[in-house]
Amino acid sequence: MQNSLTQFLIEQQRSEQLIEPELRLLVELVARACKRIGHVISKGALGDVLGSLESENVQGEVQKKLDVIANEIFLEANEWGGHLAALASEEMETIHPVPNRYPKGEYLILFDPIDGSSNVDVNLSVGTIFSVLKAPDDISGRDASEADFLQPGNRQVAAGYAIYGPQTQLVITLGRGVFGFTLDREMGSWRLTHPDMRVPTKTTEYAINASNARHWDEPVRQYIEDCLAGTDGGRESDFNMRWTASMVADVHRILTRGGVFLYPSDSRPSVTEGKLRLLYEANPMAMLIEQAGGGAITGDQRILDVQPIGLHQRVSVILGSADEVSRISKLYEAARIDL
Ligand code: AHG
Ligand code: MN
Ligand code: MN
């Protein structure tokens, strides 16, 4: 039988000296939260969890019932363990310091409780994304602040997501490779089914919301035009396209069989900085993709090197198979030279 998540984490701690006990607890609690969220999602109409609320989140997006439920589950499952100083979520305007009734630790966690929430009501895959940082050294004598979270993605100590699809899976990195676990519902535990996930360097599959084509910048327009022209336009192969509107599902496909994902900034006023959130979506996914041998850029720079200036800031995202990401990077470079 495959190793359980617990076994995997203990071995990482023992033989590789890779993780501290607190980080092991953190991943275990995140995994437990995801198990619960997956369970609630799977009830669907039977659990009265579908549909939207009247409320909007801090980014002005209509909240789904499950956005709020999953946010609560995640907070409750993670705040008591003594390893965290504070949490931050896509669905909360400000950070959530660990309440005084619990001991505090030195880790910070950022999360997107339900990614792809427009897919919940139509029964397509959604996920939960998380990113882990160490708080600054002086954290023990004071309350955590928003500024503590504004660290570039290259400082993440762990990242991952759960995907609630035909199977429920947890995919994590602790900074040395990417590991995928499948939820064994009979045993109630996560089993290591995908050790050392790698993104194939080459691909002939891309993912982009093509309904935004008229708003794209030149490098993106050029790249997609070349993919569409395929062998007629000088590329060695014809290309295939997929778009699920759930970043977790698109990234999971890319981690499994390769591909390139683009949600670039474009000329729409609300998307000039991109649509996806740097701290809850782009950074954790960029860390996973890089750890699996792929590339992750904004167009002009590596996502993991972007210095955040706000908790909910958005960013342009292009990630996946290394050869395609490097091709797109060259198109951006050429556009800069032309300016
Ligand atoms: P969320 O549900 O957390 O707001 O995220 C949705 C994101 C991402 O998962 C997906 O890639 C993208 O939004 C889809 O956007 P479009 O509907 O504009 O294609
Ligand atoms: Mn999301
Ligand atoms: Mn979300």
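In each ligand, atom 1 is the first atom listed, and ligand 1 is the first ligand listed. In what follows, residues are counted from 1 in the order of the sequence shown.
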Who's the nearest protein heavy-atom neighbour of [atom], and how far?
atom                    : value
atom 5 (O) of ligand 1  : D115 OD1, 3.2 Å
atom 4 (O) of ligand 1  : R277 NH2, 3.1 Å
atom 17 (O) of ligand 1 : K275 NZ, 3.8 Å
atom 7 (C) of ligand 1  : L276 CD2, 3.7 Å
atom 18 (O) of ligand 1 : Y263 OH, 2.7 Å

- Task: For the pair T244 and D250, evaluate side chain to side chain donor-acceptor pair (under 3.5 Å) and give the outcome as yes or no after the intermediate values.
- Result: CA-CA 6 Å; T244 64; D250 284 316; 3.1 Å; yes
Between [Y] and [X], do the side chains contain a donor N or O and an acceptor N or O under 3.5 Å apart?
X    : Y    : value
T298 : S316 : no
D323 : S321 : no
Q2   : T193 : no
Y332 : E218 : no
R185 : T168 : yes

- Query: So, do H194 and F181 have ring centers that fall under 6.0 Å from each other?
  - Reply: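 No: the rings miss the under 6.0 Å criterion.
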- May I ask you to check whether F179 and F8 place their ring centers less than 6.0 Å from one another?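 Yes, they do, as the ring centres are separated by less than 6.0 Å.
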[X] N/O under 3.5 Å from ligand 1 N/O:
X    : result
N212 : no
S118 : no
S246 : no

Atoms in ligand 1 with a heavy atom of [X] nearer than 4.0 Å:
X    : answer
I114 : 2 (O), 3 (O)
D112 : 3 (O)
M247 : 8 (C), 9 (O), 10 (C), 11 (O)
G116 : 1 (P), 2 (O), 3 (O), 5 (O), 6 (C), 9 (O)
E90  : 3 (O), 4 (O)
E281 : 3 (O), 5 (O)

- Message: What is the name of the N/O/S atom of E281 that is nearest to the Mn ion (ligand 2)?
- Response: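 The Mn ion (ligand 2) is closest to the E281 atom OE2, counting only N, O or S.
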- Under-4.0 Å heavy-atom contact with ligand 1, by part of Q63 that carries it: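 Contact part for Q63 vs ligand 1: neither.
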- Task: Classify the contact between N209 and ligand 1 as side chain, backbone, both or neither, using a heavy-atom distance cut-off of under 4.0 Å.
- Result: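 The answer is the side chain.
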- Query: Could R221 and D226 be called an ion pair, given the rule that one side-chain N must be under 4.0 Å from one carboxylate O?
  - Reply: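 So R221 does not pair with D226 through a salt bridge.
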- T94 and L311, any side-chain heavy atoms less than 4.5 Å apart: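 No, their side chains stay 4.5 Å or more apart.
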- Message: What verdict does the ring pair (Phe, Tyr, Trp, His ring centres under 6.0 Å) test give for W243 and Y206, after you've listed the backbone C-alpha separation in whole Å, the side-chain angles of each residue and the deciding distance to 0.1 Å?
- Response: CA-CA 8 Å; W243 184 252; Y206 66 93; over 10 Å; no
- Heavy atom of Y280, distance to ligand 1 below 4.0 Å: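 It does not; every heavy atom stays at 4.0 Å or beyond.
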- Is there a donor-acceptor pair under 3.5 Å between the side chain of E91 and the backbone N or O of D112?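 Checking the backbone N and O of D112 against the side chain of E91, no donor-acceptor pair under 3.5 Å is found.
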- Message: Strictly distance-based, threshold 3.5 Å: is any side-chain N or O of R302 a donor or acceptor partner for the main-chain N or O of I297?
- Response: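 Flag not set: sc R302 to bb I297 has no pair under 3.5 Å.
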- Message: Go through it in stages, so that I can follow the logic: the residues are T231 and D238, the test is side chain to side chain donor-acceptor pair (under 3.5 Å), and I'd like the CA-CA distance, side-chain angles, deciding distance and then a yes or no.
- Response: CA-CA 6 Å; T231 48; D238 292 331; 3.0 Å; yes
- Task: Enumerate the protein N/O/S atoms at a distance below 2.8 Å from the Mn ion (ligand 3), ignoring waters.
- Result: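 The answer, once waters are left aside, is E90 OE2, D112 OD1, I114 O.
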- List the steps and the verdict of salt bridge (charged side-chain N to carboxylate O under 4.0 Å, His left out) for D48 and K65. CA-CA 9 Å; D48 193 24; K65 277 189 202 167; 3.3 Å; yes
